[in-house]
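Counting starts at 1 for both ligands and their atoms, in listed order. FYI, the numbering just counts along the sequence from 1.
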Amino acid sequence: MTPTARLSAAIELLDTILSGVNAERALTNWARGNRYAGSKDRRAIRDYVFDAVRCLRSYAWLGGAGEATPTGRQVIIGALRASGVDLDTLFTGERFSPEPLTDAERDGVTLDAAGRGVRLDTPDWLLPKFDAALGADADAILAIGRERSPVFLRVNRRKATLGHAIEMLAEDNIAAQPHALSDCALIVTEGARMVARAQAYLTGAVEVQDAGSQAVINALPVQDGQRVLDYCAGGGGKALALACKADVAVTAHDIDPTRMQDIAPRASRAGVTITTARAAQLEDSYDLIVADVPCSGSGSWSRAPQAKWALTPERLTELTELQAQILNEIAPRVAKGGVLGYITCSLFDVENSEQITGFVARHPAFTVETSRLITPIEGADGFFVCVLRHTG
Ligand SMILES: C[S@@+](CC[C@H](N)C(=O)[O-])C[C@H]1O[C@@H](n2cnc3c(N)ncnc32)[C@H](O)[C@@H]1O
């Protein structure tokens with residue numbers, strides 16, 4: 001595909017996404033219907049689309065849509081204008097290229113008159129929540145959310161040292177270096193797209209996991225011999241990190257067991273055992289219960305940018321109610337002297353500190369041992385982790 005044909009494809013895809021279709025699904029359907037597109041084309045189009053969704057408000061503004069719902073064409077015009085490209089060289093109207101610019105589209109819009117939410121690509125109603133949680137760092141953190149996230153790996157200490165993992169990755173032309181957020185974390189600096197085919201990955205020496213996600217596991221008091229329950233296990237990212245960290249018996253549970261289908265192959269690659277269980281099969285008590293609860297995801301919106309535009313006040317309330325309900329469900333299963341680890345990938349107080357205040361008021365047998373908010377300023381996704389000890 002020519003560069004301008006890729007632009008036309010991105011415009012078409014953004015129109016589909018702006019009509020409410022999930023971005024991943026739209027990209028998959030598009031690839032199925034356009035088999036002539038090679039892997040480089042698909043990657044370039046994917047980058048256009050995700051960059052545009054991340055910066056939707058500012059690109060829409062720069063594309064001339066103002067505060068109105070934009071078209072895909074306006075968003076791509078805004079994206080190219082933001083990067084300083086000469087638009088007339090791309091919007092030529094030649095075969096497969098977007099139509100030439102109209103006079104109105106050529107009118108150079110800037111962000112000078114745009115509000116803070118437009119400039120920071122954030123819904124206005126969420127700005128006070130970010131300000132309350134992040135204070136003076138709010139704008140810098142929201143600006144990071146406009147950028148692509150790096151790929152991180154967790155070195156599986158059962159299979160490799162950090163140095164050995166770096167060497168193995170280098171043999172497959174992947175460059176990686178240690179990251180300060182976790183002593184097992186590597187940030188991939190070159191060749192990220194080849195990780196899934198690399199020997200280091202296929203042999204379980206490394207697993208893909210955000211460095212912030214690794215740091216929250218490091219904040220938990222994991223010790224050999226513990227019975228550990230990962231109550232909201234999903235694909236098992238945290239469960240795997242727990243099982244690789246110490247000789248613990250990890251049980252994974254999720255309200256939707258189909259979400260756990262990758263856990264067995266991932267655990268086998270990592271050389272660890274994780275038992276999956278339905279609610280009725282759970283033990284009465286565990287030494288450590290991890291609740292990586294469903295949340296707004298506001299700490300990881302640069303990775304999943306559509307979510308920031310989809311969140312509504314009503315949905316946020318539903319999520320906080322569900323978080324409280326999950327905490328209530330698991331509290332009775334924490335052994336006396338044991339720990340409940342509450343985790344979100346949200347930056348909002350209402351899902352983090354306020355959730356903990358409410359929980360401790362309802363369950364006075366628990367005391368807060370530590371709590372930490374990791375923000376994207378530390379170089380990875382934002383997470384909150386709170387260690388609650390059952391001292392009852
Ligand atoms: C943030 S995701 C978990 C991510 C996972 N821990 C990881 O590290 O890969 C939250 C998970 O909670 C599950 N969930 C939602 N409501 C639940 C409930 N009431 N009880 C248990 N799990 C629930 C969802 O299906 C989802 O997989």
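- Both the sub-6.0 Å distance and the 45° axial angle are not jointly satisfied by R106 relative to the ring of F91.
- Connection of L14 to L101 is established within a shared hydrophobic cluster, with ILVMFWY side chains joined at heavy-atom distances below 4.5 Å, either directly or through further cluster members.
- Atom CD of E12 is separated from atom CG of L7 by 12.5 Å, given to the nearest 0.5 angstrom.
- Within the structure, no pair that satisfies the side-chain hydrogen bond (donor to acceptor under 3.5 Å, both in side chains) test touches residues 159-175, not counting sequence neighbours.
- Using a 4.5 Å cut-off on side-chain heavy atoms (C-beta onward), V228 and Y286 make no contact.
- A donor atom on one side chain and an acceptor atom on the other are not found under 3.5 Å apart for T203 and Q199.
- Closer than 4.0 angstrom to ligand 1 sit non-hydrogen atoms from Y231, C232, A233, G234, G236, G237, K238, H253, D254, I255, R259, D292, V293, P294, L322, I326.
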